[in-house]
J.: 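If you scroll down you'll find the structure; I have some questions about it.
Letters A, B, ... mirror the listed sequences (proteins, then strands); counts begin at 1.
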Amino acid sequence: MTPPAIRLFNTMTMQKELLQPAIPGEVGVYVCGPTVYSYIHIGNARTFTSFDVVVRYLRHRGLKVRYVRNFTDVDDKIIKAAAETGEAPVELAARYVEIFREDTRALHLLEPDFSPRVSDHLPEIIAIIQKLVDKGHAYASQGDVYFSVSSDADYAKLSKRNLDELCVGERVQPGEQKREPLDFALWKAAKPGEPAWESPWGPGRPGWHIECSAMSAKYLGETFDIHGGALDLIFPHHENEIAQSESANGVTFARYWMHCGFLDLEGAKMSKSLGNVVRLRDALTKVDPEALRFFFLATHYRHPLSFSDKALADAETRMEYFYETLRKVDERISGKDFGKGPLHGDPQRFFTEFESAMDDDFNTAGGLGALSGLFGMMNELTDKPPVKDKALVGRTLQALREDVRRVSGVLGLFEDAPDAWLLRRRERAVRERGIDVAEVERLLGERTAARAAKDFAAADRVRGELKQKGVEIMDTPAGTTWKVAPLQG
RNA sequence: GGCGCCAUAGCCAAGUGGUAAGGCAAAGGUCUGCAAAACCUUCAUUCCCCGGUUCGAAUCCGGGUGGCGCCUCCA
């Protein structure tokens, strides 16, 4: 099998490059996970969804992926949050790890192969700090240990920053024991009451950045293929990881750097100070998880994405179309044998087109475009078959449905049973709009009776009444069904 | 100030040298007792502006204009 020609944008070189894993056929992926001191927000969700698809697609292309996403469970923010709730920091962190798992499961995110936590990797962290001290890249100072940025000749190569410019900003805080402003903490001496571990420099805890250097090396090796995160991690987080790892190990750290763009709230930045942070958990009470995924994937991962009710509503409308189609198709083909033989038209072309888009830097938006053709063909074959041969149509439908399954595996979309998804969506809409289902059923019964009596005026009156309540009805050969009408505007 | 990104129809959004995907919305049609859904058709001679390179540019280069991000914790 020839290796897949996947190209990806590497932040280090600022270019799209052909993915050539260090070990052919195997890919190590490290994604910076959450600092578990709170609920994750929809921006986090976008980033993790993007990398979820990256991993799924690499696997789809036959690569053996080792996927690592850490939990930072030792951190200043956690200590602060714990002080507020009265919990022990480790307990609070563990609680939010579970919450993170629940939230991401709802979004259909894959569980990584490894989800290492800082608190389980103190020996590895201390070892790499010691290595840096021994090599002269770090120095201890009153219980703290700092990385010496001036000891690293190519510091800032990822963010392409000018060191002189960086030095201009005043960075030495009173009370810090740094030699130079840019130096950053690898180890922080414990203050009374803070969680602390024993170390050669006294009791303390790891600084931010070092855990990723230590844990990525443990699970993926000193050199690995893809390191991902959102844009804001480029500096200082990823820059510092590179400095630590490459200074300690003397080899290239990550070979490809992928960074996801930001999600904003209709142009406004989501920030805690503005109080406009939208939690994933809260968003999922208003929008279907798959619709949210669709919304994320409809824009390229490196581009900015604007979160709005309108955009979410569009995504749901689209998901409904997809699931309505799948329901019809499943009804038509499930459990049937259409024999072997040729297919109608060229149904494979859509999936090929999908893969081409995905090969080009995981262009999910382009890939979704190909799906339009695929779903269009399924609807055409189901509702208005251009050929009479039922077996031919059935076989083609089966082939298309199989491609949808393959797309599901990659995008994490259409994973539910169509009926279940459609019903769930209706139930949520019913709740939101305060629709009385029993009354809807009663009116539907009245209308069915009126129609049977050919009293169409009465039937239309009932339709109008339901429409007022936000209910749209559909007459099908199997009887009348209904759904909640889309909101206008 | 430094580093970097973005600008495509009413809206969302692909496309990075070969003559503008896809979606939402809208309009017409087929189907329907009427609808809904589905399907078909229409909907950017043009890609923020001005120059340049080229046989050819939304795509490359230069200069503007307008948004945005990072440079401090941040996905």
J.: How would you list all residue pairs meeting salt bridge (charged side-chain N to carboxylate O under 4.0 Å, His left out) that involve residues 42-57 of chain A, not counting sequence neighbours?
T.: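 Sorted result for residues 42-57 of chain A: A:D52-A:R56, A:D52-A:R293, A:R56-A:E415.
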J.: I'd like to know if A:R463 reaches the base of B:rC34 with its side chain, counting only an N/O donor and acceptor under 3.5 Å.
T.: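 It does, because a donor-acceptor pair links the side chain of A:R463 to the base of B:rC34 below 3.5 Å.
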J.: Donor-acceptor pairs are to be reported for all side-chain atoms of residues 416-426 of chain A against protein atoms at under 3.5 Å, with residues two or more places apart or in another chain.
T.:
{"residue": "A:D416", "atom": "OD2", "partner": "A:R424", "partner atom": "NH1", "Å": "3.1"}
{"residue": "A:D416", "atom": "OD2", "partner": "A:R424", "partner atom": "NH2", "Å": "3.1"}
{"residue": "A:W421", "atom": "NE1", "partner": "A:D288", "partner atom": "OD1", "Å": "3.2"}
{"residue": "A:W421", "atom": "NE1", "partner": "A:D288", "partner atom": "OD2", "Å": "2.9"}
{"residue": "A:R424", "atom": "NH2", "partner": "A:D288", "partner atom": "OD1", "Å": "2.8"}
{"residue": "A:R425", "atom": "NE", "partner": "A:E316", "partner atom": "OE1", "Å": "2.6"}
{"residue": "A:R425", "atom": "NH1", "partner": "A:E320", "partner atom": "OE1", "Å": "3.1"}
{"residue": "A:R425", "atom": "NH1", "partner": "A:E320", "partner atom": "OE2", "Å": "3.2"}
{"residue": "A:R425", "atom": "NH2", "partner": "A:E316", "partner atom": "OE1", "Å": "3.3"}
{"residue": "A:R426", "atom": "NH1", "partner": "A:W482", "partner atom": "O", "Å": "2.9"}

J.: What contact category does A:G376 fall into here, base, sugar-phosphate, or nothing, at under 4.0 angstrom with non-hydrogen atoms?
T.: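 Result for A:G376 = sugar-phosphate.
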J.: Should the pair A:D75-A:K80 be classified as a salt bridge under the 4.0 Å nitrogen-to-oxygen rule?
T.: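 Salt bridge absent between A:D75 and A:K80.
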J.: Check whether any side-chain N or O of A:N363 sits under 3.5 Å from a backbone N or O of A:G366 as a donor-acceptor pair, and report yes or no.
T.: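 Flag set: sc A:N363 to bb A:G366 pair under 3.5 Å.
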J.: Atom CD1 of A:I79 and atom C1' of B:rC73: how far apart are they, to the nearest Å?
T.: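 In whole Å, B:rC73 C1' and A:I79 CD1 are 14 Å from each other.
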J.: A:Y67: what forms a ring-ring contact (aromatic ring centres under 6.0 Å, His included) with it, not counting sequence neighbours?
T.: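 A:Y67 satisfies ring-ring contact (aromatic ring centres under 6.0 Å, His included) with no other residue.
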J.: Please check: side-chain N/O of A:N10 versus main-chain N/O of A:Y256, any donor-acceptor pairing under 3.5 Å?
T.: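 Not a single qualifying donor-acceptor pair exists.
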J.: A:N363 side chain N/O closer than 4.0 Å to the phosphate oxygens (OP1, OP2) of B:rG15?
T.: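 It does, given that an N or O in the side chain of A:N363 lies less than 4.0 Å from OP1 or OP2 of B:rG15.
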J.: Treating primed atoms plus P, OP1 and OP2 as sugar-phosphate and everything else as base, which nucleotides of nucleotides 5-12 of chain B get B, S or - for protein heavy atoms under 4.0 Å?
T.: S-------
J.: Report yes if a side-chain nitrogen or oxygen of A:R451 is closer than 4.0 Å to either non-bridging phosphate oxygen (OP1 or OP2) of B:rG33; otherwise report no.
T.: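 No.
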J.: List RNA chain B stems (3 or more consecutive Watson-Crick/G-U pairs, under 3.5 Å)?
T.: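 If one scans RNA chain B for consecutive Watson-Crick or G-U pairs, the stems found are B:1-7 with B:65-71, B:10-12 with B:22-24, B:26-30 with B:38-42, B:48-52 with B:60-64.
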J.: Considering every strand and a 4.0 Å limit on heavy-atom distances, what is the contact class for A:K269: base, sugar-phosphate, or nothing?
T.: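 Touches a base.
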J.: Return each pair, listed once, that meets salt bridge (charged side-chain N to carboxylate O under 4.0 Å, His left out) where at least one residue sits in residues 343-358 of chain A; pairs must be two or more places apart or across chains.
T.: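 Found A:R61-A:E355.
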